[in-house]
> 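Sharing a structure here in C-alpha cells format.
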Amino acid sequence: MEKKIALSMRGITKRFGGVVANHNVDLDIYEGEILSILGENGCGKTTLMNMISGIYFPDEGKIYKNGEEVVITSPKDAFDLKIGMIHQHFKLVDLFTAAENIVLGVNEKGQHNMKNVNSRVSQIAEKYGFHIDPQKKIYDMSVSEKQTVEIIKVLYRGADILILDEPTAVLTPQEIDRLFAVLRRMKEDGKSIIIITHKLHEVLSVSDRVAILRKGEHIATVDTCDATESSLTEMMVGKKVTLDIGRTDPVNVQPRLEVKELNCIDAEGIQVLKDITFTANSGEILGIAGIAGSGQRELLEAIAGLQPIASGQIIFNNPKKDKPVTFFHKSLKRVKEMAAQDAFHDKNGAPMRFKGMSNAQIKAQVAAENVLFREDEVMNLRGKTPLEIRSLGVRLSFVPEDRLGMGLVGSMGITDNMMLRSYRKGHAGFVDRKQPKALAEDIIKELEVVTPGVNTPVRRLSGGNVQKVLVGREIAFAPKVLMAAYPVRGLDINSSYTIYNLLNKQKQNGVAVIFVGEDLDVLLALCDRIMVINSGKVTGMVDARTATKEEIGLMMTQTDTPAKEVAQ
Amino acid sequence: MSEQKKRAAHEPLFHLAKRTDVNPVRAWVIRLVAILLGMLACGLVAFALIEKLNQNPEKITDFYYSFIKGSFTTERKLWKFLKNMAILQCISLAVTPAFRMRFWNIGAEGQTLMGVLGSITVAFYLGGKIPEWQLLILMFIAALIYGAVWAVIPALFKAKWNTNETLFTLMMNYVATYVVSYFLVIWVPSGSSTLGKLKFGKLPPLPFGNQYLLIILIVLALTVFLFIYLKYSKQGYEISVVGESIRTAQYSGINVEKVIIRTMVVSGLLCGLAGYLIGAGLDQSVTTESVGGQGFTAIIVSWLANFNPIVMIITSALISFLNSGAAQISQDFNVSGALPDVIVGIILFFIIGCEFFINYKMVFRHAANGKGAAK
C-alpha cells in the first residue's frame with residue numbers, strides 16, 4: 001500500500017546563540033505510522049518537534065503539511081493544522097476535572113455543555129482503548145492518568161499528527177505496554193505518531209521507522225525491522241559502543257548503614273517516608289526503584305542530615321580496621337584519658353598501655369573498652385547536621401538529584417566547587433585553592449571532563465561533564481557510603497557508562513553504594529539488590545540477578561504489598 | 001492556499017535570541033554608546049524644558065560643558081567630587097556582601113543614617129568632656145554598633161522567620177529617619193530641628209594634602225579589604241554559595257542562618273563606618289537628610305559593578321560625576337527642583353537598559369530567512 005506523506009520538513013535549522021540545535025534537517029512523516037525520533041540528550045530532538053508544534057520558530061527551512069507549505073508561529077497555528085504535542089511535563093490545571101482540562105482553550109461557540117464534553121471524551125477513550133473517568137480531578141490522578149488526559153486533550157482538538165516527548169520516562173512497565181497498545185490503535189486509525197525517546201528497546205517494540213539525530217543533524221531514517229539495538233546505538237553515538245555493565249559478585253559484605261523504621265513528615269505535614277527499614281552493605285550496590293516522587297529524595301536527604309526525621313534510626317557501622325587511633329573520639333572524656341596513656345598498639349596488635357597489668361586486669365579493661373569502642377563505632381546519624389556527620393568521621397558521599405541546584409554551585413568553576421567539601425581546611429580565615437585546584441585537574445584528567453579550564457563556571461558544561469565533576473568530587477573523599485540519586489539522568493550513553501564504571505569500582509573497593517534509578521533495565525543490570533518503594537513505603541526487596549522488570553513494576557504501583565525480603 | 005499565505009505574513013518582524021558568547025570588549029563598547037546616547041537624550045529633554053536653551057539653541061554646548069564643569073574644572077571641585085565619590089563608594093561597598101548573598105538589603109540609607117546618629121550622639125554628650133582622640137574612638141565604636149544593630153534586625157527576622165528582607169529593610173529606613181527627628185527635638189530646644197555644627201569630634205585632616213584625603217584613603221583601603229574578603233576568605237566563599245543556592249549551602253554543611261546574620265552584621269558595620277565618615281569626617285552634625293539618598297544610589301552603583309569592589313570604583317565615579325554635573329546644570333541655567341534628577345534618571349535608564357542588548361540580540365525576519373543569521 002502506498003503511504004501518503006503527512007508532514008515534511010526541509011532544511012530546518014535552529015540556533016540558540018552560538019549553539020546550533022538543528023542543522024539542515026529533512027524529515028518526512030507518513031500517515032498511519034509510528035515514527036521514533038532517537039538521539040542522545042542535547043541532540044535536538046525536542047527542539048525539532050517544538051518547531052512543528054509552534055513553540056520555536058525555525059531560523060531556516062520550510063515545513064509542508066499534506067504537500068502545502070505552512071508557517072507555524074504559535075501552538076494555536078499547530079492546532080489549526082491538526083498537530084498536537086504531549087510534553088514531558090504535563091500542563092494541566094490540578095483543580096479541574098479531566099474533561100474541564102480537555103476543553104480548556106477550545107474555542108467553540110456558546111457555552112461548553114459539560115455533558116456533551118464528557119460523552120465525547122468517553123467516546124474518544126473507548127475508540128482507542130484508554131481508561132479514563134472524565135469527571136475525576138487531576139490532583140487525584142496518577143502520572144499515567146494525567147498523561148492520558150494530555151493525549152485525549154490533543155485528540156479532542158482533532159489532531160492527526162501527535163508528538164509525544166519521552167512519554168515513557170515516568171511510567172511503569174505495565175503502563176508502558178498499555179500506552180503502546182493505544183498508540184498502535186491510533187496508528188491503525190490513520191494518525192501519524194512521533195515519539196521522542198532515547199530508549200532503544202521501546203523504539204524497536206513500538207515504531208515502524210526510526211529517525212536518528214546526532215548533534216542536531218539528521219543521520220538517517222531506517223525501518224525498524226532492519227534495525228538492532230547495536231546498529232541504532234552506533235548511529236546515535238557515531239561509534240561502536242559496548243552496552244555491558246560489568247557486574248561483579250559482592251565481596252566482604254558487611255552491614256554498613258542500617259535504617260530502622262524511619263518516618264519523615266515534610267513541611268506541608270504530609271508523611272513522605274513511612275517505616276522505612278533496610279540495610280546497605282559494604283561491597284554491594286543497593287538499587288532503589290520507584291515511581292518519581294515516591295520518597296527517594298527524602299530518604300537520601302534524611303540519611304545525609306538534610307531532612308528532619310520524625311522517628312526512626314540511621315545507624316552507621318564504621319569498619320573496625322580503619323585507623324584505630326581515630327576512634328578515640330575527643331568528645332569522650334574516658335577515651336581522652338586512654339589516649340594520654342599511650343593508645344598505640346605494639347607489633348602484636350595489643351595496646352601498649354597494658355604493660356604491667358595482670359591478665360584479669362587486662363581482660364576487664366578490654367571488655368570495658370569494647371563496650372566503649374562499639375558505642376563509638378556504631379553511630380546514630382539521626383538528627384545530625386551534614387557538618388556534624390562529617391566531623392564524626394563518617395565518610396558519607398551524596399550525589400544529589402539536583403546537580404546544579406544542590407550538589408554544585410553553577411556560577412563557580414570546578415576548583416571552587418571542589419572547595420564545597422574542603423574549604424574549611426584553609427589557613428586562618430582564608431581559603432586554600434591549591435589542593436582543590438589539584439583535585440579539579442585530577443578529575444578533569446581521570447574522568448575526561450571536557451571544559452575550557454578549571455575556572456569555567458560548571459553551569460556552562462554539558463550535563464555529562466557536570467555529573468562527572470560532582471561524582472568525581474564525592475568519590476575523591478574516599479566514602480564508606482556513596483549515595484547517588486539518578487546519576488545518569490540526562491547523560492549520553494558514553495557518560496552513563498563512565499558513571500556505571502565508577503560506581504562499580506567503588507563497590508569493589510568495599511563502599512556501600514546506594515543507587516536511585518529510574519531505568520529498570522539499568523537497575524537490574526547494575527545493582528546487587530533492589531529495594532522498591534512506593535508512596536514512602538518499602539514494598540519489596542529483590543535480588544537483582546533473578547528479579548524481572550514486571551515483578552518490580554508491580555511493586556512500584558501496588559500499595560498494600562507486605563515488604564518481603566527475597567535477597568539477603 | 002490563501003489562508004496559508006496569510007499565515008506567512010504574520011511571521012514576526014524580529015525575534016529575540018539570547019547571546020551565549022558575551023564579549024567583554026563589545027559589552028563595554030555597548031555601555032559607552034549607551035552613555036553617549038543617554039547624554040544626547042538629556043540634551044533633547046533640556047532643550048525642551050529649559051527656556052534659556054529654547055531661545056538660544058547654540059547654548060547647547062554650554063549645557064554639556066556644565067556637565068564637566070560640575071566635577072573637573074577647578075581643584076576644589078575635583079576634591080569635592082572625589083570626596084562625594086568616596087562616601088558613595090563606602091556605602092556601595094557596605095551593601096555588596098549582602099547583595100552577593102542575594103539578600104536584597106535596601107536599608108543602607110537608614111543604616112548609614114544610624115551610623116551618623118551614633119557618632120554625633122557621642123560627640124553631643126561627651127564632646128569637650130574627654131580628650132578629643134578618645135572621643136573620636138568612642139564615636140567610631142558607636143557608629144559601627146548603631147549601623148550593625150540596624151542591619152541585623154531584619155537579618156534575624158529573615159533567618160528565623162523568613163520575612164521579606166526588602167520590605168523590612170525599606171521600612172527600617174523610615175524608622176531611622178524618625179529616630180533622628182526625635183533626637184533633634186530633644187537636642188535643639190528652639191524647635192528649628194537643625195543641630196548646629198558641633199565643636200568637638202572632628203576627624204583631623206592629614207598633615208599633608210587635601211582635607212578630604214584621609215576619607216578617600218580610608219575608603220580605598222576598605223575597597224581592597226572587601227575585595228580580598230569576598231574573594232579569598234572562607235566567609236566570602238560561604239556568602240557566594242548561600243547567594244547561589246541555599247540548598248547547595250545546606251548540602252555542604254554551611255549554617256545558612258549564621259551566614260545571613262553574620263553577613264548583615266558586616267554590611268551594617270560598613271554602613272556605620274560610612275556614617276562615621278559623614279558625621280565625624282564632614283558634617284559634625286546630623287539631620288534627617290545627612291545621607292541624602294546615597295543609600296539608595298549605592299544599590300545602583302553596586303549592581304552596575306556586578307558586586308565587584310574594584311569595578312565599583314568606576315561606577316561610583318560615574319554616578320558621582322552625573323550627580324555633580326546635573327547639579328551644576330541646574331545652577332548655571334537657573335533651573336531648580338527636579339531637573340537634575342531627571343537628567344541622572346535618563347542616563348541611568350540608558351545604562352541599565354543597554355544590559356539587555358548585551359545579553360540578547362535581535363534577529364530580523366529577512367536575516368532569519370537568509371544565511372546571515374549565524375553571527
> Report which part of R459(A) has an atom under 4.5 Å of a heavy atom belonging to chain B: side chain, backbone, both, or neither.
side chain
> Side chain, backbone, both or neither: which part of S411(A) has a heavy atom under 4.5 Å from chain B?
both
> Which pair of non-hydrogen atoms, one from L270(B) and one from C90(B), has the smallest distance, and what is that distance?
O-SG, 4.2 Å
> Can we say K65(A) and D80(A) salt-bridge, meaning some charged N sits less than 4.0 Å from an Asp/Glu carboxylate O?
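Here K65(A) does not pair with D80(A) in a salt bridge, since their nearest N and O are not under 4.0 Å apart.
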> Please classify the contact of M419(A) with chain B as side chain, backbone, both or neither, using a heavy-atom distance under 4.5 Å.
both
> Closer than 4.0 angstrom, basic N to acidic O: yes or no for R247(B) and E301(A)?
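Salt bridge between R247(B) and E301(A), a charged N being under 4.0 Å from a carboxylate O: yes.
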> What is the ring orientation for W161(B) with F157(B), classed by angle as parallel under 30°, tilted 30 to 60°, or perpendicular over 60°?
tilted
> Could you have a look at E388(A), R433(A), R424(A) and say which one has the most heavy-atom pairs with chain B under 4.5 angstrom?
R424(A)
> Can you tell me which portion of I246(B) sits under 4.5 Å from chain A's heavy atoms? Options are side chain, backbone, both or neither.
neither
> Measure L420(A) against the heavy atoms of chain B and call it side chain, backbone, both or neither at under 4.5 Å.
both
> When you check the side-chain N and O atoms of S422(A) and Q435(A), is any donor under 3.5 Å from an acceptor?
no
> With a 4.5 angstrom heavy-atom cut-off, is it the side chain or the backbone of D416(A) that approaches chain B, or both, or neither?
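D416(A) touches chain B through backbone and side-chain heavy atoms alike.
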> Can you say whether L404(A) sits under 4.5 Å from chain B via the side chain, the backbone, both, or neither, judging by heavy atoms?
backbone
> Once you measure the plane-to-plane angle for F99(B) and W303(B), does it fall in the parallel (<30°), tilted (30-60°) or perpendicular (>60°) bin?
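Ring orientation of F99(B) relative to W303(B): perpendicular.
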